[in-house]
There are 4 protein chains.
Amino acid sequence: MLLKLNLESETPIYLQLRNSIIEGIASGQLKEGEALPSVRMMASDLGVNMHTVNKAYQLLKQAGFILIHRQKGVVVNPDGMPGLDDEYKESLNSGLRPFISEAICRGMGESEFLKMCQTIFKDIKQ
Amino acid sequence: MLLKLNLESETPIYLQLRNSIIEGIASGQLKEGEALPSVRMMASDLGVNMHTVNKAYQLLKQAGFILIHRQKGVVVNPDGMPGLDDEYKESLNSGLRPFISEAICRGMGESEFLKMCQTIFKDIKQ
Amino acid sequence: MLLKLNLESETPIYLQLRNSIIEGIASGQLKEGEALPSVRMMASDLGVNMHTVNKAYQLLKQAGFILIHRQKGVVVNPDGMPGLDDEYKESLNSGLRPFISEAICRGMGESEFLKMCQTIFKDIKQ
Amino acid sequence: MLLKLNLESETPIYLQLRNSIIEGIASGQLKEGEALPSVRMMASDLGVNMHTVNKAYQLLKQAGFILIHRQKGVVVNPDGMPGLDDEYKESLNSGLRPFISEAICRGMGESEFLKMCQTIFKDIKQ
DNA sequence: GTGGTCTAGACCACC
DNA sequence: GTGGTCTAGACCACA
């Protein structure tokens with residue numbers, strides 16, 4: 001799996017990394033139980049600091065997307081992904097709200113917005 | 001118009017402010033041409049620093065949502081909002097992508113996601 | 001003579017006023033010895049504060065472009081315009097420098113820049 | 001590269017700084033990809049506040065002259081300078097107009113004005 | 001170490 | 001009164 005980082009983006013690298021891995025899982029490129037490169041390996045591959053990769057992994061582990069075994073390394077959680085609890089729905093809601101507000105201001109209709117979402121869905125699932 | 005800030009959020013205050021004002025415009029609570037409180041006024045109302053409010057205003061000005069007259073103060077852009085240019089669409093796309101990836105991972109179906117968006121649309125427009 | 005003000009510009013109104021009057025003289029629309037509206041008159045015509053017009057007039061008077069008689073009112077200096085002293089040349093030089101620097105950075109050639117100046121010359125002189 | 005500031009000038013420090021850096025790029029003293037001092041470093045060098053330097057950097061970043069990496073610091077945009085779009089030409093035109101008007105009033109001929117521009121061009125490019 | 005954010009308080013230009 | 005500029009000093013996120 002190829003990870004794309006934009007070192008000049010406003011988004012911190014560790015978040016880009018987190019997002020890329022989640023997108024990899026969503027798209028099926030990373031399957032449950034599949035191994036991920038070690039922290040050092042990925043850091044070296046991407047040319048970023050080890051701490052940066054570690055931070056992304058810790059975020060993913062804490063949310064339940066991956067498991068980190070001291071010896072066996074890092075794997076996509078074989079017991080399934082974290083679910084749709086209320087806390088997540090609430091955070092998703094808060095996260096989307098500013099995007100939708102701005103879209104309305106700029107004159108984007110609801111249907112156009114939904115269409116864009118559908119396009120992204122298709123694009124991720126391929 | 002009542003603005004709600006969460007001083008303990010990870011989102012910087014000036015961005016929360018920016019988002020709240022955009023939502024206010026989207027919802028129609030703030031109409032084109034309507035005046036906004038002066039930087040000092042709003043800062044005092046919200047209990048934050050003048051410069052924090054100013055930063056939010058500058059962002060909104062730069063994007064074309066508001067006009068800042070040196071003396072007359074701040075008004076919602078009476079000539080209409082910024083439009084749907086490609087640059088914006090691109091940024092919207094990039095911004096939504098991580099949310100959709102995570103939603104897919106967590107087992108949220110496309111229809112459920114779209115429904116949530118529709119709910120937010122309704123909620124903002126009231 | 002019709003003065004055009006942009007109340008939303010970054011440039012202070014009194015400077016826009018000063019510049020417009022100078023351009024009027026340069027273009028020949030205002031001739032030496034010709035009368036200008038009184039401070040109150042012009043302020044009322046333009047819908048701006050009296051002090052603002054006064055500030056523009058004071059600037060023009062100090063530089064020698066106009067004369068202000070307590071009774072007779074304001075006239076374009078009938079004894080001719082201020083000349084090309086070294087101080088002015090120096091200030092012109094300093095003022096143009098940033099424009100030329102940026103033009104170079106953005107890839108505008110010297111000839112293209114000079115052409116733009118010539119166009120402005122023609123446009124003012126008509 | 002040596003920057004000269006005039007703390008008593010009417011031009012705000014952050015603008016002087018912006019102009020100096022642009023002139024540095026135009027003259028070739030600052031090359032594309034070259035690093036600039038950190039905000040704190042430059043502030044300390046110049047004896048001004050960090051925020052003043054930051055404001056200049058933010059202006060330059062927004063216009064596309066430099067890139068700001070959160071950790072690596074500031075560099076002259078290695079992908080080249082911003083181009084000659086219509087918006088810039090318009091602003092250049094508006095910026096030059098008052099200078100040309102005044103030059104005409106003061107009896108400076110078109111050729112003399114163009115000559116001065118050429119001199120500045122040479123002076124910057126060296 | 002870097003830039004990002006926030007505060008507190010000051011003076012000035014403009015109208 | 002408004003926003004614009006500048007200072008001084010603080011804490012945090014990031015790498």
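Per chain, numbering begins at 1; letters A, B, ... match sequence-line order.
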- Message: Going by side-chain contact (heavy atoms from CB on, under 4.5 Å), name the residues that satisfy it together with Asn77(C), two or more places apart in sequence or in a different chain.
- Response: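 Once residues adjacent in sequence are excluded, the partners of Asn77(C) under the side-chain contact (heavy atoms from CB on, under 4.5 Å) criterion are Leu67(C), Asp79(C), Met81(C).
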- Item | With sequence neighbours excluded, residues passing side-chain contact (heavy atoms from CB on, under 4.5 Å) with Pro98(C) |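 In terms of side-chain contact (heavy atoms from CB on, under 4.5 Å), with neighbours along the sequence ignored, Pro98(C) is linked to Asn19(D).
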Nearest whole angstrom, please: distance from the [atom2] of [N] to the [atom1] of [X].
{"X": "Leu17(D)", "N": "dT5(F)", "atom1": "CG", "atom2": "P", "result": "14 Å"}
{"X": "Arg18(D)", "N": "dG4(F)", "atom1": "CZ", "atom2": "C1'", "result": "17 Å"}
{"X": "Gln16(B)", "N": "dT5(E)", "atom1": "CD", "atom2": "C1'", "result": "13 Å"}
{"X": "Tyr57(B)", "N": "dT5(F)", "atom1": "OH", "atom2": "P", "result": "18 Å"}
{"X": "Ile68(B)", "N": "dG3(F)", "atom1": "CD1", "atom2": "P", "result": "8 Å"}
{"X": "Leu67(D)", "N": "dG4(E)", "atom1": "CG", "atom2": "P", "result": "12 Å"}
{"X": "Leu46(B)", "N": "dT5(E)", "atom1": "CG", "atom2": "P", "result": "18 Å"}
{"X": "Leu36(B)", "N": "dT2(F)", "atom1": "CG", "atom2": "P", "result": "13 Å"}

- Pairs where residues 27-43 of chain B contributes a residue and the test side-chain hydrogen bond (donor to acceptor under 3.5 Å, both in side chains) is met, not counting sequence neighbours: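 Applying side-chain hydrogen bond (donor to acceptor under 3.5 Å, both in side chains) to every pair that reaches into residues 27-43 of chain B, excluding sequence neighbours, yields Ser27(B)-Gln29(B).
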- Message: Once side-chain hydrogen bond (donor to acceptor under 3.5 Å, both in side chains) is applied, what residue pairs with a partner in residues 51-61 of chain C remain, sequence neighbours excluded?
- Response: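 Passing the test, one end in residues 51-61 of chain C: no pairs.
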Can you list the residues that meet the side chain to side chain donor-acceptor pair (under 3.5 Å) rule with [X], with sequence neighbours excluded?
{"X": "Gln16(D)", "answer": "none"}
{"X": "Arg70(D)", "answer": "none"}
{"X": "Glu10(D)", "answer": "none"}

- Message: Quick check on DNA chain F: between Leu7(D) and Asn54(B), whose nearest nucleotide comes earlier from the 5' end?
- Response: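 That would be Asn54(B).
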- Item | Paired and unpaired positions of DNA chain F as dot-bracket, Watson-Crick or G-U wobble under 3.5 Å, | denoting a partner strand | ||||||||||||||.
- Message: Regarding Glu10(B), tell me which of base, sugar-phosphate or nothing describes its non-hydrogen contacts under 4.0 Å with the strands shown.
- Response: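 Here Glu10(B) touches no strand at all.
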- Query: Roughly how far apart are Ile100(B) CD1 and Cys105(B) SG, rounded to 0.5 Å?
  - Reply: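 Answer rounded to 0.5 Å: 12.5 Å.
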- Are any of the side-chain nitrogens in Glu102(A) or Arg97(A) under 4.0 Å away from the carboxylate oxygens of its partner?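 No, Glu102(A) and Arg97(A) are not salt-bridged.
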- What string of B, S and - do you get for nucleotides 8-15 of chain F, 5' to 3', if B is base contact, S is sugar-phosphate-only contact and - is no contact with any protein heavy atom under 4.0 Å? BBBB--BS
